[in-house]
Amino acid sequence: MTETPPSVRLRPEIIALPAYKQGRPAPADAFKLSSNENPFPVHPAVQAAIRDLDINRYPDATALVVRERLAERHGVTPDEIIVGAGSVALLAQLISAAAGAGDEVVYAWRSFEAYPGLVTVAGASSVRVPLTPDARHDLPAMAAAVTDRTRALIVCTPNNPTGPVVTAEEFAAFMAAVPADRLVILDEAYAEFVDDPAAVDGAALVRRYPNLVILRTFSKAYGLAGLRVGYAIGPEAVLDAARSTAIPLAVTEAAQRAVLAAMAVEHELLDPVRQLAERRDAVQAALREQGWRLPVSQGNFVWLPTGPATAAAGEAFAAAGIVGRVFPPEGIRISIGEAESVETLVRVAGEVVRTL
């Protein structure tokens, strides 16, 4: 089908930019393991909090109560917290605040697939630094990629979609090597699933670096993906700039109420998270026994390096009822979902690995 060119003048780089594609949906008889969603039911306290809403009224644009609660937890002021429609929205705000035409943003690749689009929309250029052979961030190479045009660097840990973490020691060396006037964004969307004691913990770095912003989300571990709410912690001046680039009133009243309710029952919500982490480790052990050479994932997903066979492998999984996220020609990310999905996932993986 021939595409009709736009009738108005648009930015050519935006016209050429592929739209973000969310995880493939699954038929009713299959498992949707393509979006790293939390498979457990929504907590009753969260359901109750959003049941009766006056949707004819606008929400608090600053999400002040949520920021106050988060500020208490992290030992900062509410002005050192910003709440947005998912951590990806905050990432877009930060990139737009830091980088524009002629500027560069450095990040590892492959990493979160939204990064290239967000940089392009801001008008800047991407500098993609290849992962190491074991699918980890090459932080020395990222620091070496900094030029006079660099305005921001993004570190994703655990890395989505491959899963490894950046260690605290590695990150400290990285921050020492990066110029202090360049923004560093530590994207920790899967922090709650991490059980490696050597991993960097952004919450422990608050106020240590004046150029560091930490991103977290309530979409994954807290099971609020459908409400789109995340937050950032960082220097007030940096966050003020990000606030200026935000779409007003983006965080709904339902999202704010749900976050407050979820934080109140957090001890109950995080028990299923530990179950998912244990299930993740068991799946990785089973796959390694089959002969898979896997990076060590600390997210709620595993990465299968299927290479040129990726598309065919993805279809084999889908045909068996396991819908993963396919990244031809590199690999497949499969979320850790319902317990009932594990047997099928492992069985099909055993069949696929013999064809590689």
Carefully, step by step, assess Tyr115 and Ile154 under the rule side chain to side chain contact (heavy atoms under 4.5 Å, CB included). CA-CA 9 Å; Tyr115 294 164; Ile154 308 170; 3.6 Å; yes
Working for side chain to side chain contact (heavy atoms under 4.5 Å, CB included), residues Phe317 and Leu304: CA-CA 12 Å; Phe317 277 107; Leu304 303 181; 3.6 Å; yes
Can Leu183 and Asn211 be said to form a side chain to side chain contact (heavy atoms under 4.5 Å, CB included), step by step? CA-CA 5 Å; Leu183 175 63; Asn211 60 329; 5.6 Å; no
Please determine whether side chain to side chain contact (heavy atoms under 4.5 Å, CB included) holds for the pair Val165 and Val194, giving the CA-CA distance in whole Å, both sets of side-chain angles, and the decisive distance to 0.1 Å. CA-CA 8 Å; Val165 295; Val194 175; 4.1 Å; yes
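Pro59 and Thr252 get closest at one heavy-atom pair: CB-C, 3.9 Å. Between Pro305 and Leu294, the shortest heavy-atom distance links the atoms CD-CD2, 4.0 Å. In terms of heavy atoms, Ala45 sits closest to Val265 at CB-CG1, 4.1 Å. Annotation for Val83 and Ala63: closest pair CB-CB, 3.9 Å, computed over non-hydrogen atoms. Of all heavy-atom pairs between Asp196 and Gln298, the closest is N-OE1, 2.9 Å. When all heavy atoms of Val129 and Ala141 are compared, the pair lying nearest together is CG1-CB, 3.7 Å.
The CG atom of Leu10 sits 8.0 Å away from the OG atom of Ser7 when rounded to the nearest 0.5 Å. Atoms CD1 and CG, on Ile233 and Leu70 in that order, are 7.5 Å from each other to the nearest 0.5 Å. If you take OG on Ser125 and CG on Asp103, they are separated by 8.5 Å, rounding to the nearest 0.5 Å. Distance check, rounded to the nearest 0.5 Å: OG of Ser96 to CG of Leu118 gives 8.0 Å. Note that OG1 of Thr62 is 10.0 Å distant from CG of Leu249, once rounded to the nearest 0.5 Å. Note: Arg279 CZ to Glu338 CD = 8.0 Å, rounded to the nearest 0.5 Å.
For the residue pair Asp187 / Tyr107, no side-chain donor-acceptor distance below 3.5 Å is found, with atom types taken as modelled. Side chains of Ser335 and Asn36: a donor-acceptor N/O pair is present below 3.5 angstrom, by distance only. A donor-acceptor contact under 3.5 angstrom links the side chains of Ser219 and Arg228, judged on distance only. No hydrogens or angles considered: a donor-acceptor pair under 3.5 Å links the side chains of Asn160 and Arg333. For the residue pair Thr77/Glu80, the side-chain donor-acceptor check at 3.5 Å is satisfied.
Listed by chain and residue number, Val46, Tyr222, Leu224, Leu269 satisfy the side-chain contact (heavy atoms from CB on, under 4.5 Å) test with Ala262 (two or more places apart in sequence, or in another chain). Under the rule for a salt bridge (Lys or Arg N to Asp or Glu O under 4.0 Å), the partners of Arg257 that lie at least two apart in sequence or sit in another chain are Glu253. Taking His43 as the reference, nothing meets the ring pair (Phe, Tyr, Trp, His ring centres under 6.0 Å) condition, with sequence neighbours excluded. Pro179 meets the side-chain contact (heavy atoms from CB on, under 4.5 Å) test with Val146, Asp181, Arg182; sequence neighbours excluded.
Partner of Ile185 under the side chain to side chain contact (heavy atoms under 4.5 Å, CB included) criterion, chosen from Leu94, Leu212, Leu90: Leu94. Of the candidates Glu37, Glu113, Glu330, Arg325 forms a salt bridge (charged side-chain N to carboxylate O under 4.0 Å, His left out) with just one, namely Glu113.
Identified under the side-chain hydrogen bond (donor to acceptor under 3.5 Å, both in side chains) test for residues 310-321, with sequence neighbours left out: Arg24-Glu315, Thr306-Thr310.
Other residues, nucleotides and ligands contribute at most 12 non-hydrogen atoms within 6.0 Å of the CZ atom of Arg293. Atom CD1 of Ile247 sits in a sparse spot, with 12 or fewer heavy atoms from other residues, nucleotides or ligands closer than 6.0 Å. Within 6.0 Å of CD1 on Ile55 lie no more than 12 heavy atoms contributed by other residues, nucleotides or ligands. No more than 12 heavy atoms of other residues, nucleotides or ligands sit less than 6.0 Å from atom CG of Asp52.
Ion pair Glu104/Arg151 not flagged as a salt bridge, since none of the NZ, NE, NH1 or NH2 atoms sits closer than 4.0 Å to an Asp/Glu carboxylate oxygen. Using a 4.0 Å cut-off between charged nitrogen and carboxylate oxygen, Arg280 and Asp195 count as a salt-bridge pair. Between Asp240 and Arg243 there is a salt bridge, since at least one side-chain N of the basic residue sits less than 4.0 Å from a carboxylate O of the acidic one. Electrostatic pairing of Glu266 and Arg73 counts as a salt bridge here, judged by a charged N lying under 4.0 Å from a carboxylate O. Note on Arg274 versus Asp281: no salt bridge recorded, every NZ/NE/NH1/NH2 to OD/OE distance being 4.0 Å or above. Using a 4.0 Å cut-off between charged side-chain N and carboxylate O, Glu192 and Lys220 make no salt bridge.
Thr245 places a side-chain N or O within 3.5 Å of a backbone atom of Gln93 that can act as its donor or acceptor partner.
Cluster annotation: Val105 and Leu139 are assigned to distinct hydrophobic clusters (Ile/Leu/Val/Met/Phe/Trp/Tyr, side-chain heavy-atom contacts under 4.5 Å, transitive). The cluster map of Ile, Leu, Val, Met, Phe, Trp and Tyr, joined by side-chain heavy atoms under 4.5 Å apart, puts Ile82 and Leu186 in different clusters. In the hydrophobic clustering of ILVMFWY residues, with side-chain heavy atoms under 4.5 Å counting as a link, Phe40 and Val42 come out apart. In the hydrophobic clustering of ILVMFWY residues, with side-chain heavy atoms under 4.5 Å counting as a link, Val127 and Val184 come out together. Linking ILVMFWY side-chain heavy atoms closer than 4.5 Å, directly or via other members, places Val119 and Leu91 in a single hydrophobic cluster.
The shortest side-chain heavy-atom distance between Asp60 and Gln256 falls under the 4.5 Å cut-off. Here the side chains of Val213 and Pro235 are in contact, with some heavy-atom distance below 4.5 Å. The side-chain heavy atoms of Val76 and Val206, taken from C-beta on, include a pair separated by under 4.5 Å. Here the side chains of Asn159 and Trp303 are not in contact, with every heavy-atom distance at 4.5 Å or above. Looking at Asp138 and Leu131, their side chains never come closer than 4.5 Å, going by heavy atoms from C-beta outward. Here the side chains of Phe174 and His137 are not in contact, with every heavy-atom distance at 4.5 Å or above. Proximity of Trp292 to Leu356: side-chain heavy atoms (C-beta onward) are separated by under 4.5 Å at one or more points. A 4.5 Å side-chain heavy-atom check between Tyr231 and Arg67 finds every atom pair outside the cut-off.
The aromatic rings of Tyr190 and Phe301 sit perpendicular, their planes meeting at an angle over 60°, well past the 30° parallel limit. Taking the six-membered ring where the residue is Trp, Tyr209 and Phe171 present perpendicular rings, their angle passing 60° and hence far from 30°.
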Which donor-acceptor pairs under 3.5 Å do side chains of residues 343-352 form with protein atoms, sequence neighbours excluded?
{"from": "Arg347", "atom 1": "NH1", "to": "Glu351", "atom 2": "OE2", "distance (Å)": "3.4"}

